[in-house]
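Reviewing the structure listed below.
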Amino acid sequence: MQEIYSKFGNLAQMAAQRLHVKSALNPILWLCGIASPVCFVFAYLFYDVKNILYLLIIAGISPIAVACIAYLGFAIFKPDKLQSEDYQIRSKTLQLIQQKGGKIKMPPTPLELIANPSTKNNDIKR
């Protein structure tokens, strides 16, 4: 049993390290990914005690339902919040530059870095 816990812990840690997109839904998605499986496992273990079983099933389904409702709410009312933080910052910066028109003189290098931050200074042609 200890081996299963360590494998699950390693998988969770690897998933957390690979997560790069940070949006408004991240907290509820983490809750879904952690709480729901735990509730369902305990519901299986307490199969004979019907009151606890039903309570655990409801507790396991609730975060999933909340995530679905939150996604629909953000998709309808604030779709930009579903984008990553980096995307939001770059988009806002480009919008501000566009609003200023030609009033702000900026060299092309910083504009390229804003639009494509993975580009390194050495890769940009001057």
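Note that the numbering runs from 1 along the sequence shown for the chain.
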Quick one: side chains of residues 35-50, donor-acceptor pairs under 3.5 Å with protein atoms, not counting sequence neighbours, listed by atom name and distance.
{"from": "Ser36", "atom 1": "OG", "to": "Cys32", "atom 2": "O", "distance (Å)": "3.4"}
{"from": "Ser36", "atom 1": "OG", "to": "Gly60", "atom 2": "O", "distance (Å)": "2.7"}

Can you list, pair by pair, the side-chain donor-acceptor contacts under 3.5 Å of residues 61-80, counting residues two or more places apart and other chains?
{"from": "Ser62", "atom 1": "OG", "to": "Ile58", "atom 2": "O", "distance (Å)": "2.6"}

Item to complete: Say whether Leu53 and Leu56 are linked into one hydrophobic cluster, either directly or through other cluster members, by side-chain heavy-atom distances under 4.5 angstrom.
Response: no
Item to complete: Establish whether Leu31 and Leu82 are linked, either directly or via other cluster members, by ILVMFWY side-chain heavy-atom contacts under 4.5 Å.
Response: yes
